[in-house]
Every structure is written in structure tokens, then in C-alpha cells.
Amino acid sequence: MFALPGIVALIAFIYARPQEFFESLQSVPFLYLFFFLAIFGLVLDLRVGYTRLRGTPHLLWVGLFYVWCMVTAAIQVPSQLLSYVISLAISIALYLVIAHGIQSFKGLELVTSAVLGMVLFVAAIGVHQGFSDEQCIIVDEAVVGDQTTGKPDGRPCETPRECYVGDAEPGAQYLCERVGLLGTTSISNGRVRYRGVLQDPNELALAASIGMPLAFALGQRRRKASNSMIAVFTVLLVLVCAILTRSRGGQLVFLAVLATYFFRRYGLKGILAGGFLALPLLALGGRGGGEAETSTMERTECWYEALQIFRGSPLYGVGIGQFGEYHYLTAHNSYLLALAELGFPGAVLFCTLIYVSFKIPLAILKRYPSPVRSRRAGVVLAEDVGPTGVDLEAAGVARAWALGMLAAFCGLAVGIFFLSFSYHYVLWIYMGLSGALYSATKAHDPDFAVKFGWREFGFVVLGVLALAAAVFLFTRLSL
């Protein structure tokens, strides 16, 4: 398919951020070039009949979410409307080209392999960084509002104080952090991270952990020793990376992914196996003592402020991207960030997108039960035809990817509760993958459908209200 090269290039560019360590690339608008390549390829696919114009279950809600975000910007910050039209359009376009440009399981396998490859790349950078020596880092004063970014000057150190003597530059501000490949540096006394959209250790831990089920799905899709080794290597690499990020939210994401996958595959025994695999992370990962207490208190205060902002403007919020104008930290919760910036309608639309992303793999697993479970239920299957008239091979592929996608979104749903991920590229890439899974399944089974009715919409509304009430009670009791 002609759209695939542009989609793969987009994913690689967003994860790797090569322009940040190769200065000669900064003047080249790769993001827009790759978007053009993907869209041009999609048009070609439509012309030659490789793909068809077929909506996904997200499509309506993505459109409504984008329009509502622009409405909040137009009302609250009209002077910044154009900038948000463009910035959010990138996330929306990511979803659109992935969800509608991939309409086969081979295409889905290629793109998810690209995502997995980038996950392994950034996780490997993090692991190398975590075992590297500490060096003096000159803080880049040109980066406004970020006192953690800079360049190593090559001098070894154990504390920041050592960097201010000897060959120190007059007036410069220094950090003492671990230096990894491609000029990456740790933060907060050794917590590993990457660059760009993954420059926060918590975001790196989240992105790495939700990549694990993609390796599982590939291993299940092609039962070869090499694929099994890749899955084992992925788990070990992500485990070490998550430990080195010292992210407590990353711990929960890792556990959620393993619990979902192993429980669905092996039942209660699977949960025990997943818990055993996660023991090193529980023992070695995360932060403790005063640092952990301070972080917890800051996050609780952010949640409280998000609810106070929402109370001041419950319908339109304060406008997309405006939380930082009301509090010195971000919301540290994607659901509350949407509530504060976009009001109640925006939060409902955001949660609807998450809900639909969950429902697609669940609908596939329900429609194509595994042969073992079907026989236990007394259903006799033909040798080459599934219960819905679909080839068993295609049904098996759909099941494998559905289980992987379900595990990834369970991890995402947990992780974004502690991160401001509402407009994050990684989240929208995975929503695109969920839509691509629907498109590929629909191509093999035209009768497959994922419906979202008013009753379910009502459940989402009640869920948003319950979440706001629960967080309100928690913050009042904590603060």
C-alpha cells in the first residue's frame, strides 16, 4: 500500500526526533513532508482500489472532539486559535492516516512492527543512559521554562557542586546527570528519559510498557522461535527501562499490561505469572521517601486545581492548552486536563474516544472466540470456516491483534490517569492503531460492526461525573 511508507516514516520521526540531535535537520520540515507522503499514498491507494472509504467507530467522535477544542479556543483564547488549529490537527491527522490508511492485517503488522521498533529504540537509549557515567550538564538558557535540558561538557561529577569549579563557564547553570547516547541526559538525579515527546521519565515508561503487547501479538501471529525471543527481549528491556525511570505510574502501566494480557490468555494463573514477572519492577522501581511524598502532594494539588478551574468554567473550560496559565504545573491527569481545559462536553468526548478504543478489540474477541473456548461451550467449528463465515486464519489474526490492543489500552487508561496525555502524539497513534484494527477486520468480515449507542454514551457521561466526584473527595481528604 502506498500510504505505508509515509505512516512508518511519521511514526519513526515522532518517536526518534532526529532533528534534536542532528542540528542540520532542524531546518527541514520532516513532519509535514511525511504527512504529505502518507496522505498522497492514501489517495493513490484509494485510486487503485487498495483501500476503500470506510469510516471507523472513532471518526465521528474525533471530529466532534476537534471541533469542540477549537470552540473552547475561539471563546477563551481567540488570539491563539490558529496555533491550536494547527497543533491539534497533527494529532488528529495521525489518527486519520493510520486508522484509514491501513485496511489489511499485513499493513497493520508492518506499522505495529515500526512502533515496536521505535519502542525498543527509545527503551534501549534509556537503559544505556541509566548505566552511563554522570557528567556536568550546562543548562540551555535558550529553552524557556525548562531547566533540565542542556549539553554535557565532558567533565565527570558526583554532585552539581563539583561542576561549578575548575573549567566552569562563568554565569552558567549546571546539572550533574547521566549522559546517554545521542546526547540524551537523565533528570532528577538519574531518572532516565529520551527526547521530544518522551523527555519525561514517566512518559518514556508509559510508551515503553504499552509497546510490550505489540511484541506479544507479533509472537502469537507468527509462532517462530525468533518472534518469541523478540517478545522475551522486549519484556526484559522494558522492565529495566521502567526501573531506571523510577516512575511509579510506569510501574502501574507495566502491571496493567501484563495483567490484562496474561489474564485473558491464561486466566488467574496468568495473573500470578504476570505478577512474578513484575516483581523486579516493584522491588527496584519507583521513588521513595521524601521525594515520593513531595511528588504525590504536587500531583494531588494539580488535581485539586484542575477541579477548581472546572468549577469556574464548567461548560467551555479555560480553553485548550491554557491550564498552565492558571497553575504552575500541568494537571498530571489526562481526564482532569480535558475537564479543566475543555469543560464537561470536552471531557465526555475525550473519554468516549478512550471507550471506543477499548470496545473495538473487545468486540473482536467476542465475535471470534478462540477454538478452545468454543469447543468448551459446545460449539463445533468447521476446519476452515469460523463461526461467522470468516476463515479461521483471519479470525486468529484478528484475535491476536485484538488482545494486544486491549492490553495496550488498559495500560494507556491507567498511565494517562497520572499524565497530561490528552493531546499527546503517542496516545493518538494508538487510537489510530485501534481504528486500523477495525478497518482490517472489516475488510475480512464485512458484517463486523462496533456500535456505540445512547445507553453507552450515558455510561460515559456517568463515568466522567463519578471520576470528578471521586477525585474531588480524594483531594479534599488529602489536602
Side-chain angles (χ1 to χ4, degrees), residues 112 115-116 119-120 123 201-221 228 230-287 333-335 351 354-366 369-370 372-373 398-419 421 426-427 430-431 433-434 437 463 467 470:
T112 50
V115 174
L116 177 60
V119 165
L120 295 177
N202 301 301
E203 295 175 350
L204 175 59
L206 169 62
S209 295
I210 62 175
M212 285 192 302
L214 303 182
F216 299 157
L218 285 169
Q220 187 179 355
R221 169 71 182 89
S228 298
I230 291 175
V232 173
F233 174 75
T234 300
V235 172
L236 294 177
L237 183 66
V238 170
L239 174 63
V240 176
C241 182
I243 290 173
L244 294 173
T245 62
R246 290 167 29 209
S247 169
R248 291 172 296 166
Q251 287 182 332
L252 295 177
V253 175
F254 189 91
L255 287 170
V257 167
L258 289 184
T260 303
Y261 194 89
F262 282 88
F263 175 73
R264 184 73 193 189
R265 287 282 294 168
Y266 308 109
L268 293 177
K269 294 181 180 179
I271 290 185
L272 295 177
F276 178 77
L277 289 175
L279 282 177
L281 178 61
L282 295 175
L284 303 174
R287 289 170 289 172
N333 185 303
S334 298
Y335 310 103
C351 291
I354 301 298
Y355 177 87
V356 173
S357 299
F358 267 105
K359 188 171 183 181
I360 289 172
L362 285 173
I364 292 173
L365 292 171
K366 181 180 179 179
S370 65
V372 173
R373 292 188 179 184
R399 281 197 303 270
W401 286 115
L403 181 54
M405 204 60 61
L406 179 63
F409 269 94
C410 284
L412 266 169
V414 172
I416 66 176
F417 191 86
F418 303 98
L419 291 173
F421 235 63
V426 171
L427 173 62
Y430 275 82
M431 281 201 283
L433 291 176
S434 179
L437 175 61
L467 173 66

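- Of the residues listed (Leu403, Thr234, Leu258), the one engaging Phe216 in a side chain to side chain contact (heavy atoms under 4.5 Å, CB included) is Leu258, and it is the only one.
- Residues Phe409 and Pro361 fail the side-chain proximity criterion, which asks for heavy atoms closer than 4.5 Å.
- Here the closest non-hydrogen pair linking Gly404 and Pro213 is O-CB, 3.2 Å.
- Taking OG from Ser434 and CZ from Phe358, the interatomic distance works out to 10.0 Å, rounded to the nearest 0.5 Å.
- Taking the side chain as every heavy atom from C-beta outward, Leu206 and Val426 never approach each other to under 4.5 Å.
- Here the CZ-SG distance, from Phe254 to Cys241, works out to 10.5 Å after rounding to the nearest 0.5 Å.
- Considering every non-hydrogen atom in both Ser247 and Asn202, the closest pair reads OG-OD1, 2.8 Å.
- Put simply, the side chain of Arg248 does not reach to within 4.5 Å of the side chain of Phe418, judged on heavy atoms.
- Of the possible donor and acceptor atoms, one in the side chain of Ser334 sits under 3.5 Å from a partner among the backbone N and O of Leu419.
- Residues Thr245 and Ala205 approach most closely at OG1-CB, 3.6 Å, considering heavy atoms.
- Across every non-hydrogen atom of Ser357 and Met431, the tightest pair is OG-CG, 3.5 Å.
- Counting heavy atoms from C-beta outward, Leu218 and Trp401 have side chains that approach closer than 4.5 Å.
- You'll find the side chain of Tyr430 reaches within 4.5 Å of the side chain of Leu214, heavy atoms only.
- Annotation: the span from Met405 atom CE to Leu412 atom CG amounts to 10.0 Å, rounded to 0.5 Å.
- Across all their heavy atoms, Ala256 and Gly411 have their closest contact at CB-CA, 4.1 Å.
- Residues forming a side chain to side chain contact (heavy atoms under 4.5 Å, CB included) with Ala363 (at least two apart in sequence, or on another chain): Phe448, Val450.
- At least one side-chain heavy atom of Ile354 sits under 4.5 Å from a side-chain heavy atom of Ile416.
- Leu406 CG to Leu365 CG: the interatomic distance, rounded to the nearest 0.5 Å, is 6.5 Å.
- Shortest non-hydrogen contact noted between Ile364 and Ala398 is CG2-O, 3.6 Å.
- Ile230 contributes atom CD1, which lies 12.5 Å from atom CG of Leu237 (distance to the nearest 0.5 angstrom).
- Checked against side chain to side chain contact (heavy atoms under 4.5 Å, CB included), Leu467 has the following partners two or more places apart in sequence or in another chain: Tyr335, Phe417, Val471.
- We find the OG-CG distance between Ser209 and Leu239 to be 9.0 Å, quoted to the nearest 0.5 Å.
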